[in-house]
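This report concerns only the one structure given below.
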There are 2 protein chains.
Amino acid sequence: MTNQKRSDGTRARILSAAVERFTHGGYDTTSVADICAAANVSKGAFYHHFPSKQAVFIALLERWLDELDETIRSVAAGGESAPVRLSRLAGLVGQVSELGTGRVPMFLEFWRQAAKAPEVWQVTVEPYRRFRAAFASLIGDGIREGSLRAVDPDAAALALVSMGVGLVLQGALDPAEAQPADAGEHAVALLLEGLARGSDHDTK
Amino acid sequence: MTNQKRSDGTRARILSAAVERFTHGGYDTTSVADICAAANVSKGAFYHHFPSKQAVFIALLERWLDELDETIRSVAAGGESAPVRLSRLAGLVGQVSELGTGRVPMFLEFWRQAAKAPEVWQVTVEPYRRFRAAFASLIGDGIREGSLRAVDPDAAALALVSMGVGLVLQGALDPAEAQPADAGEHAVALLLEGLARGSDHDTK
DNA sequence: TATTACATACCGACCGGTCGGTTTTTGAAC
DNA sequence: GTTCAAAAACCGACCGGTCGGTATGTAATA
């Protein structure tokens, strides 16, 4: 095996072990030794690949941000009409609230660290700004097309993203009570109803 | 001064110092010594009043829960019609998202700890269940009165509380971008629009 | 005097990070 | 293809310091 491949493999094992341990116990509680043990790697190898514990954390954050970016781009593009793309992006929120449950503790860690470390803050805030911007842009399109009421796009985008965040969080915290089937899509649908011009229940 | 009063004062000082330190630095990062220093109290006094660090944390949580209970009861009661009470309770969400910003780090701590310690989990989940229940009850009233569309009360309540949680969180994380004036009320209004029967924008 | 309230010194465990040394890989000379 | 030295990857013992909690004592109240 080439050295490069070995090195990359070790690095990858450290990262995936880190996300597993951080998810399980939080940033402060998880020790570097924990991560090393879970990754079958020595402490020396750890500090050979990363300058500090926080560096690993930030690397994870940036990796997640890249994924998110990709997802938004692929969903928000496409040539269809604004409302279609909007509800597709909104539907993504519902999916995330179900699929992403296991990752929520990690998001909580991101938020918590963001309040303390400025460099983490900037990276953490970014995805939400992008989400809101993507929604606002779509809503603006919808308004110009005449398919949505003339609301403030930014406020509506904030409302949508807020509901997404809240759904994910409550679903993770209290799956039994706050995460019935289709809860996400149902809730989002209620909000889109408030946005629609001449809502469909009286035009159909 | 009586012994009782002195004891109560010390206890109160520990609690308020704890909430200040936990808010500032998080649960794990804040040491018992930190709290003692901020409260001008010795470690002996600390462990005389509380059996452990976690016990202080839970005491804070329960205190907050009591306040919340009081608030919900006073707002959700009152003799007016359901929609009035509903929007008043919803308006509270908007207020919380502005006033409660400084407390958000503490809520994050609650959620984080809830994922690990079962006894914390139960206490943490409770307020959201009560919030949802209060909303669902009001929405049910509104539907029976005919002032709201016949949606699923539980789903609508989940949507409302989710938006509240999301607004609070984003407002705290990114005040500059995610917390324009009236953002909370504006966002909630959009959602209530989706709930209203024969919304005013197409009857006017 | 008995009990409650508080103070201080201290313990063992643990943690992030370092460091000297060892193994593995690499690339170039032969 | 073999050799070999330098570089990269890796190892694990160790260090200074911190932390939650305890043990033991003193001062104030009842």
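Proteins come first, then strands; the chains are lettered A, B, ... in the order of their sequence lines, and each starts at number 1. From a predicted model like this one, the values you see are computed outputs, not experimental measurements.
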Under 4.0 angstrom, heavy atoms only, what part of the nucleic acid is T29(A) near: base, sugar-phosphate, or nothing?
nothing
Whether the side chain of R13(B) engages the backbone of N40(B) through a donor-acceptor N/O pair (distance < 3.5 Å, no angle test) should be reported.
yes
Can you tell me the distance, in whole Å, between the CG atom of D34(B) and the C1' atom of dT18(D)?
11 Å
Value in whole Å for how far the C1' atom of dC6(C) lies from OH of Y47(B):
15 Å
According to a strict under-4.0 Å criterion, is H48(A) in side-chain N/O contact with OP1 or OP2 of dC10(D)?
no
Among the candidates dC11(D), dA13(D), dG21(D), find the nucleotide nearest to the side-chain atoms of K43(B).
dG21(D)
Do T124(B) side-chain atoms and A114(B) backbone N/O form a donor-acceptor pair below 3.5 Å?
no
Taking atom P of dC15(C) as reference, at what distance in whole Å does atom CD1 of I35(A) sit?
11 Å
From CZ of F50(B) over to P of dT22(D), roughly how many Å is that when rounded to an integer?
16 Å
So, OP1 or OP2 of dC6(C): does either fall under 4.0 Å of a side-chain N or O from T10(B)?
yes
Which ones in residues 52-64 of chain B lie close to DNA chain D, meaning a heavy atom under 4.0 Å from one of its atoms?
S52(B), K53(B)
Does K53(B) make a cation-pi contact with Y27(B), if we ask for NZ or CZ under 6.0 Å from the ring centre and within 45° of the axis?
yes
Taking the nucleotide of DNA chain C with the nearest heavy atom to each, does D28(A) or N40(B) sit closer to the 5' end?
N40(B)
T23(A) side chain to V19(A) main-chain N or O, any donor-acceptor pair under 3.5 Å?
yes
Whole angstrom value for the distance that separates C1' of dT22(D) from CZ of F46(B):
14 Å
Minimum heavy-atom distance A159(A)-M163(B), with the two atoms named:
O-SD, 3.6 Å
Taking S147(A) for its side chain and G142(A) for its backbone only, find out whether a donor-acceptor pair lies under 3.5 Å.
yes
